[in-house]
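To start, the structure under review is shown below, and the notes come after it.
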Amino acid sequence: MNPFDDLSALVTAALGQLQAQGVLPEGQDLARVQVEPPRDAAHGDAATNAALILAKAAGAKPMDIAAALAVALEGAPEVDAAVAAAPGFVNLSMRRSFWLRRVPDILAAGALYGRSDQGGGQKVNVEFCSANPTGPLHVGHARGAVFGDALSSLLQHVGYEVTREYYINDGGAQIDTLARTIHHRYREALGMDVGPLPAGYYPLAELVPVAEAIARRDGDRWVMAPEEEWLEAFGQEAVQAMMRRIKGDLAALGIHHDVFSSERRLRSGGEVDAALARLDEQGLIYEGVLPAPKGKPIEDWEPTPQLLFRATAYGDDIDRPLKRSNGAWTYFAADLAYHFDKYERGFNAMIDVLGADHGGYVKRMQAGVRALSKEEARLDVMLCQLVKLMDGGQPLKMSKRAGRIVTLKDVVDEVGKDVFRFIMLTRKNDAALEFDLVKVKEQSKDNPVFYVQYAHARISSVFRNAAGEGIETGPPALMAADLDRLSDPLELALIRQAAGFPRIVTQAAEAREPHRIAFFLHELAGQFHALWTTGKERQELRFIVAEDAGLTAARLAMLAAVQTVLAAGLKLIGVEPVEEMH
RNA sequence: GCGCCCGUAGCUCAGUAGGAUAGAGCGUCGGAUUCCUAAUCCGAAGGCCACAGGUUCGAAUCCUGUCGGGCGCACCA
């Protein structure tokens with residue numbers, strides 16, 4: 001399916017010939033040999049560095065090997081030309097047929113184009129967007145959400161069995177505050193004069209109906225009741241309400257998690273003890289005193305003995321506390337239990353998508369996973385840099401107190417999920433992303449997502465016109481088209497680009513960089529638009545040629561292939577292809 | 001002070017696991033629409049890839065150091 005796999009096979013075969021001829025020694029390591037598209041199209045369809053890699057071990061000059069390799073490749077099927085180039089590349093040009101037969105490949109594969117089994121069905125757990133249930137999602141959360149979702153799709157496409165997972169942080173002190181906020185609203189709902197919301201409580205509109213419902217259901221029975229009697233129940237009602245909101249926000253982005261795990265259930269279910277026992281048996285837990293932290297001085301710091309995890313045994317900088325001075329497990333202890341739980345559910349590959357402000361957390365968690373799984377499982381952490389929210393070129397500071405929270409829902413309602421998702425993927429995850437509310441709204445026509453969707457829509461338009469002229473446009477007609485009629489360099493370049501999709505998918509998945517899909521689609525759309533406009537200047541390049549049904553069929557097949565790749569790529573990043581713009 | 005991330009065109013950013021003459025969008029300037037959607041296309045200008053060393057056939061990419069920016073640095077999540 002991937003043309004460059006075919007080309008790699010050609011090069012490997014040619015190298016085998018050279019070995020048989022004694023030009024190259026046997027048993028060379030070919031791992032570093034690459035066959036990739038050259039940056040400069042004038043160098044042909046592909047270039048290999050084989051001669052440069054193998055020269056030293058062979059004790060020969062790179063150019064000599066390259067020359068021999070070029071001769072061997074000249075004899076390979078579908079090779080039009082193979083030439084050695086300084087300092088030792090071999091440039092390959094393929095016959096037209098090599099590229100033309102990608103068109104039926106693409107048409108046959110449809111939305112599955114680019115799929116591979118490189119993952120071998122391995123189970124991967126992708127945890128992303130585990131925002132605290134203490135408020136609606138904001139724009140910063142959404143970056144990790146879009147990234148995690150697109151990465152999951154990408155990994156599925158290359159043959160991993162992916163589980164999208166959300167960790168609900170419903171076990172900490174913040175939930176108690178949430179519960180007290182409910183209690184305050186509850187007394188308010190009963191008509192009591194409760195005064196303004198105390199400092200530190202959550203001024204969330206979502207909590208009011210929750211409190212009102214309790215008031216209707218239970219009357220005043222909790223008003224004077226001691227906190228222990230209602231704290232947990234109120235907290236859980238609040239969490240459920242917030243999670244409904246969060247799930248709704250995510251659904252508006254087209255994101256659906258497979259599994260929601262509760263921190264509270266881990267804590268109460270004895271799983272923390274189980275995980276720590278596992279560490280204890282390896283001698284990785286001890287009672288100790290940590291040195292004073294280096295950074296800002298902490299006023300009430302005093303050296304106290306704590307239960308510690310020996311994270312330094314696995315590369316962390318210091319050992320990490322498991323228990324707080326009040327006796328409760330730390331967040332880290334619960335998270336250890338959570339990741340142990342993932343391991344026990346069969347995940348040896350875990351990916352956590354976190355905000356960059358959690359960067360300091362990575363080493364200890366990776367240490368924990370290695371220890372808990374006894375080196376069987378591996379945790380990768382993808383950090384998403386924070387979103388710099390701008391408002392017409394001015395930085396926008398978000399402040400819960402001032403009520404200036406830009407919620408995800410507000411933005412998505414305004415610009416739509418497709419624009420939002422695409423923008424989130426037009427930056428590498430570890431680079432800061434500038435998100436200007438004004439620009440995104442006002443200049444949405446300049447947004448790259450429209451550029452790509454427009455290409456898709458234009459192709460749909462061609463098919464509508466073709467059908468209107470009575471031209472057969474169904475799959476059988478397209479598959480039967482004589483593609484040899486396609487000969488213009490612009491057409492072949494377009495097919496080459498479309499056929500590059502499987503390679504991009506593979507690389508994006510390996511590098512875990514879904515943004516590469518977005519950039520690829522932009523390029524493909526650009527080549528298509530260029531060809532379209534050329535048809536305005538050169539009549540003979542128009543897609544529908546009234547007097548030549550064979551040529552028209554070939555061009556329609558080509559367009560169908562391009563549209564298929566556009567749709568497949570957009571699907572991977574969760575953006576809708578459209579039939580027409582409006 | 002320590003750790004992680006970033007530094008590429010005026011601006012926002014790519015740069016295909018080290019490849020050949022570093023790219024795109026926006027902005028600026030100049031062109032293209034009887035004709036499949038101009039939400040498009042073509043061209044021009046614009047660069048000491050932060051800086052200095054190193055590794056090698058080859059470095060924006062890897063290593064070391066410096067400068068600049070972001071994030072983090074017991075018992076929060």
**OP:** Indicate the atoms forming the closest heavy-atom contact of A:Phe519 with A:Leu425, along with that distance.
**Re:** CE1-O, 4.3 Å
Subject >> Proximity to the side chain of A:His522 - top-ranked nucleotide from B:G25, B:A20, B:A74 >> reply: B:G25
**OP:** Look at all strands and tell whether A:Ala85 reaches a base, only sugar-phosphate, or nothing, counting heavy atoms closer than 4.0 Å.
**Re:** base
Original post:
Would you call the rings of A:Phe543 and A:Phe528 parallel, tilted or perpendicular if under 30° counts as parallel and over 60° as perpendicular?
Top reply: parallel
**OP:** Answer yes or no: is there an ion pair linking A:Arg265 with A:Asp341, defined by an N-O contact shorter than 4.0 Å?
**Re:** no
Original post:
At under 4.0 Å between heavy atoms, what does A:Asn91 touch on the DNA or RNA strands: base, sugar-phosphate, or nothing?
Top reply: base
Original post:
Taking only side-chain nitrogens and oxygens of A:Lys363, does any of them come within less than 4.0 Å of OP1 or OP2 of B:G72?
Top reply: no
Original post:
What nucleic acid atoms does A:Asp430 come within less than 4.0 Å of, heavy atoms only: base, sugar-phosphate, or nothing?
Top reply: sugar-phosphate
**OP:** Ignoring backbone atoms, test whether A:Trp329 places a side-chain nitrogen or oxygen under 4.0 Å from the OP1 or OP2 oxygen of B:C75.
**Re:** no
Subject >> From B:A74, B:C57, B:C71, nucleotide with atom closest to A:Pro87 side chain >> reply: B:C57
Subject >> Atom pair distance, as rounded to whole Å: CG in A:Leu494 and P in B:C36 >> reply: 20 Å
Subject >> Which nucleotide in B:A14, B:C41, B:A38 has an atom nearest any side-chain atom of A:Lys428 >> reply: B:A14
**OP:** Tell me whether A:His358 is stacked on the nucleobase of B:A77, counting only the six-membered base ring and applying the 5.5 Å and 30° thresholds.
**Re:** yes
Original post:
NA contact type, A:Pro62, heavy-atom cut-off 4.0 Å: base, sugar-phosphate, or nothing?
Top reply: nothing
Original post:
If only side-chain N and O atoms of A:Tyr361 are considered, is one of them under 4.0 Å from the OP1 or OP2 phosphate oxygen of B:A74?
Top reply: no
**OP:** Please name the pair of heavy atoms, one in A:Met242 and one in A:Leu204, separated by the smallest distance, quoted to 0.1 Å.
**Re:** SD-CD1, 3.9 Å
Original post:
Could you walk me through whether A:Asp335 and A:Tyr361 pass the side chain to side chain donor-acceptor pair (under 3.5 Å) check?
Top reply: CA-CA 11 Å; A:Asp335 214 4; A:Tyr361 193 71; 2.9 Å; yes
Subject >> B:C67 to B:G30 separation - C1' atoms, rounded to the nearest Å >> reply: 41 Å
Original post:
When you check the phosphate oxygens OP1 and OP2 of B:A74, does a side-chain N or O of A:Lys323 lie under 4.0 Å from one of them?
Top reply: no
**OP:** Indicate, with a heavy-atom threshold strictly under 4.0 Å, whether A:Glu263 touches base, sugar-phosphate, or nothing.
**Re:** sugar-phosphate
Original post:
Touch check for A:Lys388, heavy atoms < 4.0 angstrom, all strands: base, sugar-phosphate only, or nothing?
Top reply: nothing
**OP:** Select base, sugar-phosphate, or nothing to describe what A:Arg39 touches, counting heavy atoms under 4.0 Å on all strands.
**Re:** base
**OP:** Check every strand shown and say whether A:Gly359 touches a base, only sugar-phosphate, or nothing at a heavy-atom separation below 4.0 Å.
**Re:** nothing
Subject >> Distance test, side-chain N/O of A:His529 to OP1/OP2 of B:G25, below 4.0 Å >> reply: no
Original post:
Using the P atom in both, what is the distance from B:C5 to B:G46, to the nearest Å?
Top reply: 36 Å
**OP:** Scan A:Phe543 against the nucleic acid and name what it touches under 4.0 Å (heavy atoms): base, sugar-phosphate only, or nothing.
**Re:** base
Original post:
Of the candidate nucleotides B:C42, B:C36, B:A20, which contains the atom at the shortest distance from the side chain of A:Ala530?
Top reply: B:C42
Subject >> Separation of the C1' atoms in B:G47 and B:A22, to the nearest angstrom >> reply: 9 Å
Original post:
Side chains of A:Phe450 and A:Val419: does their closest heavy-atom pair fall under 4.5 Å?
Top reply: yes
Original post:
C1' atom, B:G25 versus B:A17: distance in rounded Å?
Top reply: 26 Å
Subject >> A:Asn169 side chain, from C-beta outward: closest of B:A74, B:G25, B:A77 >> reply: B:A77
**OP:** Taking atom C1' in both B:C26 and B:A50, compute the distance separating them and give it to the nearest angstrom.
**Re:** 24 Å
Subject >> Identity of whatever pairs with B:U16 - Watson-Crick or G-U, under 3.5 angstrom >> reply: none
Original post:
Using centres under 5.5 Å plus planes under 30 degrees as the test, is A:Trp301 stacked with B:A74?
Top reply: no
Original post:
How many Å lie between CD on A:Glu547 and C1' on B:C35, as a whole number?
Top reply: 13 Å
**OP:** Could you check A:Asn465 against A:Leu52 and say which one's nearest nucleotide on RNA chain B is further toward the 5' end?
**Re:** A:Leu52
**OP:** Could you tell me whether the side chain of A:Gln385 has a donor or acceptor atom within less than 3.5 Å of a complementary atom in the base of B:C6?
**Re:** no
**OP:** Would you mind classifying the nucleic acid contact of A:Arg503 as base, sugar-phosphate or nothing, using non-hydrogen atoms under 4.0 angstrom?
**Re:** base
Original post:
Hey, which of these two, A:Asp357 or A:Gly535, hits RNA chain B nearer its 5' end, going by closest nucleotide?
Top reply: A:Gly535
Subject >> Residue A:Arg516, side-chain heavy atoms: nucleotide from B:U16, B:A77, B:A20 that is nearest >> reply: B:U16
**OP:** Mind checking A:Glu510 for me? I need base, sugar-phosphate or nothing, with any heavy atom below 4.0 Å counting as a touch.
**Re:** base
**OP:** Look at the side-chain N and O atoms of A:Arg427 and state whether any lies under 4.0 Å from the OP1 or OP2 oxygen of B:C6.
**Re:** no
**OP:** Return yes when atom CZ of A:Arg464 has more than 12 non-hydrogen atoms of other residues, nucleotides or ligands closer than 6.0 Å, and no otherwise.
**Re:** yes
Original post:
B:C57 phosphate, OP1 or OP2: any side-chain N/O from A:Lys56 under 4.0 angstrom?
Top reply: yes
**OP:** Determine the contact category for A:Glu302: base if any of its heavy atoms lies under 4.0 Å from a base atom, sugar-phosphate if only primed atoms, P, OP1 or OP2 are that close, otherwise nothing.
**Re:** base
**OP:** Rounded to whole angstrom, note down the P distance from B:U12 over to B:A32.
**Re:** 33 Å
**OP:** Quote, to the nearest angstrom, the C1' distance that separates B:U56 from B:A45.
**Re:** 37 Å
Original post:
Which whole number of Å gives the distance between the P atom of B:G65 and that of B:U61?
Top reply: 16 Å
**OP:** May I ask you to check whether over 12 heavy atoms, not counting those of A:Glu472, lie within 6.0 Å of atom CD?
**Re:** no
**OP:** Would you indicate what A:Ile544 reaches in the nucleic acid, counting non-hydrogen atoms under 4.0 angstrom: base, sugar-phosphate, or nothing?
**Re:** base
**OP:** May I ask you to say what A:Thr534 touches in the nucleic acid, namely base, sugar-phosphate or nothing, with a heavy-atom cut-off under 4.0 Å?
**Re:** nothing
**OP:** Mark yes or no: A:Arg320 above the aromatic ring of A:Phe332, with NZ or CZ under 6.0 Å from the six-membered ring centre and no more than 45 degrees from the axis.
**Re:** no
